[in-house]
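Right, one structure below, let's go through it.
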Amino acid sequence: MNLMVFGAPGAGKGTQAKFLIEKYNIPQISTGDILRAAISEQTDMGMEAKKFMDEGKLVPDSTIIGIIKDRLAQDDCKSGFILDGFPRTLPQAEALKTLMDDMKISLDKVISLNVPDELIVGRITGRRVCPGCGASFHVEFNPSKIKDVCDYCGDKLVIRKDDNAETVKSRLGAYHAQTAPLIEFYTNMGVMVELDGTKDVSEVTKDMFNSLS
Ligand code: ADP
Ligand code: ADP
Ligand code: ZN
């Protein structure tokens, strides 16, 4: 199964991707997580990407496409994968299409989580993430079982540097200008599923699995 979770920053992509991993036993490929790992390892790529991420701007396509090309070539992607936060621009979507055509594979479904901008700010400012496994929680809407401790791996939860009210504005701007046009791209491809992402986490999960069965 080759899947993609799609939506605005904070729409719930990472949260729902965790349930897909458990059910289908395929890896989640989050470009945001890969970039944050490169930042903590202080690689050249990471240091360059950090400037864009801290300002809530998209990292250049050439960097992102290179990351995905390497990642999809790894063995664990052979049985499928869940793309999370990629693609975010039309050139990225076109590069993905070429890459997958070359690999003789195709996308089964794109799951779009629709959440209006008014709800995004509260989701992002209350988000707590796990540096260990990338899981995300919300202080109010989706709390971890033990405060500030990851349910999945036990690491201490942190607040992402870019999760503040100022950066959210530019990230939403980038989403509407550069990413939202992909809805039409994947609708035309016949793989788009649009879900109401404003429902509770468990309700969205139920709708998602229904759309896949
Ligand atoms: P994305 O990966 O799309 O940026 P996340 O999965 O990290 O989004 O979710 C953003 C924040 O919103 C997190 O704090 C998460 O716990 C919370 N969240 C996710 N899904 C829902 C939901 N259906 N209702 C309320 N809060 C949610
Ligand atoms: P969110 O969905 O909550 O915005 P991500 O973890 O997916 O968070 O992304 C964090 C940041 O990493 C983005 O704001 C952007 O700067 C960068 N980024 C991640 N994925 C991409 C991508 N596919 N193209 C360009 N920039 C990206
Ligand atoms: Zn964790």
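Side-chain atoms are counted along with the backbone in the values below, which use heavy atoms only and exclude waters and symmetry mates. Note that ligands are numbered from 1 as they come in the structure, with each ligand's atoms numbered from 1 the same way.
- Of the N or O atoms in L58, none lie within a sub-3.5 Å distance of an N or O in ligand 2.
- V201 CG2, 3.6 Å is the protein heavy atom nearest to atom 20 (N) of ligand 1.
- Contact of the L195 side chain with the M208 side chain is registered, since non-hydrogen atoms from C-beta on lie closer than 4.5 Å.
- Within ligand 2, counting atoms from 1 as listed, the ones closer than 4.0 Å to a heavy atom of Q92 are 22 (C), 23 (N), 24 (N), 25 (C).
- Counting heavy atoms from C-beta outward, M4 and P87 have side chains that approach closer than 4.5 Å.
- Counting only distance, with no hydrogens or angles, the side chain of R171 and the backbone of D162 share a donor-acceptor pair below 3.5 Å.
- Listed for the S170 side chain is a donor-acceptor partner under 3.5 Å among the backbone atoms of E55.
- Applying the 4.0 Å criterion to heavy atoms of R160 picks out, from ligand 2, the atoms 1 (P), 3 (O), 5 (P), 6 (O), 8 (O), 10 (C).
- Shown here are the protein N/O/S atoms lying under 2.8 Å from the Zn ion (ligand 3), water excluded: C130 SG, C133 SG, C150 SG, C153 SG.
- Heavy-atom proximity to G10, at under 4.0 Å, picks out these atoms of ligand 2: 3 (O).
- What you find for I120 and A11 is that their closest heavy atoms are CD1-N, 4.1 Å.
- Counting only heavy atoms of the protein, atom 2 (O) of ligand 1 lies nearest to G14 N, 2.9 Å.
- Within the listing of ligand 1, atoms 3 (O) sit less than 4.0 angstrom from a heavy atom of A8.
- Taking atom 6 (O) of ligand 1 as the reference point, the nearest protein heavy-atom neighbour is T15 OG1, 2.6 Å.
- Applying the 6.0 Å contact sphere to CD of Q42 captures no more than 12 heavy atoms from other residues, nucleotides or ligands.
- Here the shortest heavy-atom pairing between P27 and G80 reads CD-O, 3.3 Å.
- In terms of polar-atom proximity, defined here as any N/O pair under 3.5 Å, G126 makes no such contact with ligand 1.
- Geometrically, ligand 1 and G12 share a nitrogen or oxygen pair separated by less than 3.5 Å.
- Ligand 2 places these atoms under 4.0 Å from at least one heavy atom of G85: 20 (N), 21 (C), 22 (C), 23 (N).
- Listed by number with element, the atoms of ligand 1 under 4.0 Å from a non-hydrogen atom of N142 are 16 (O).
- Between L83 and F86, the shortest heavy-atom distance links the atoms CB-O, 3.5 Å.
- Side-chain N or O atoms of Q16 include one that pairs as donor or acceptor with a backbone N or O of V201 at under 3.5 Å.
- The two residues K199 and V204 come nearest to each other via the heavy atoms O-CG2, 3.5 Å.
- Atom CG of D44 has 12 or fewer neighbouring heavy atoms from other residues, nucleotides or ligands inside a 6.0 Å radius.
- The closest side-chain heavy-atom distance from M47 to I39 is below 4.5 Å.
- Note on residues 174-192: pairs passing side chain to side chain donor-acceptor pair (under 3.5 Å), not counting sequence neighbours, are D117-H176.
- Annotation: atom 25 (C) of ligand 1 to nearest protein heavy atom, F141 CB, 3.5 Å.
- Scanning the protein heavy atoms around atom 12 (O) of ligand 2, the nearest turns out to be M53 CE, 3.4 Å.
- Contacts between V129 and ligand 1 below 4.0 angstrom, taking non-hydrogen atoms only, are absent altogether.
- Taking distance alone, with nitrogen or oxygen atoms compared against 3.5 Å, D84 stays at or beyond that limit from ligand 1.
- Listed for the D151 side chain is no donor-acceptor partner under 3.5 Å among the backbone atoms of S144.
- Atoms of ligand 1 lying under 4.0 Å from any heavy atom of K199, numbered from 1 in the order shown and given with element: 22 (C), 23 (N), 24 (N).
- In terms of hydrophobic clustering, with Ile, Leu, Val, Met, Phe, Trp and Tyr side chains grouped at heavy-atom distances under 4.5 Å, I105 and I68 are assigned to a common cluster.
- Between R171 and ligand 2, a contact under 3.5 Å exists for at least one N or O pair.
- Of the listed options K57, K51, Q178, E55, K57 places a heavy atom closest to atom 16 (O) of ligand 2.
- F137 and A135 get closest at one heavy-atom pair: CE1-CB, 3.9 Å.
- The L35 neighbourhood of ligand 2 comprises atoms 12 (O), 17 (C), 18 (N), 19 (C), with distances under 4.0 Å to a heavy atom of that residue.
- Shown in contact with R36 at under 4.0 Å from a heavy atom are these atoms of ligand 2, numbered in order with element: 6 (O), 10 (C).
- Taking only non-hydrogen atoms, the option from H138, R123, K18 nearest to atom 27 (C) of ligand 1 is R123.
- The shortest N or O to N or O distance between D33 and ligand 2 is not under 3.5 Å.
- Counting heavy atoms from C-beta on, the side chains of L35 and I67 come closer than 4.5 Å.
- Using a 4.0 Å cut-off between heavy atoms, I64 contacts ligand 2 through its side chain alone, with no backbone atom that close.
- Taking any N or O of I124, backbone or side chain, none lies under 3.5 Å from an N or O belonging to ligand 1.
- The closest donor-acceptor contact from the side chain of N164 to the backbone of T167 lies under 3.5 Å.
- Scanning the protein heavy atoms around atom 13 (C) of ligand 1, the nearest turns out to be F137 O, 3.6 Å.
- Counting only heavy atoms of the protein, atom 26 (N) of ligand 2 lies nearest to V59 N, 3.0 Å.
- For atom 7 (O) of ligand 2, the choice among R127, K13, R88 with the nearest heavy atom turns out to be R88.
- Smallest separation of non-hydrogen atoms from A17 and V5: CB-CG2, 4.3 Å.
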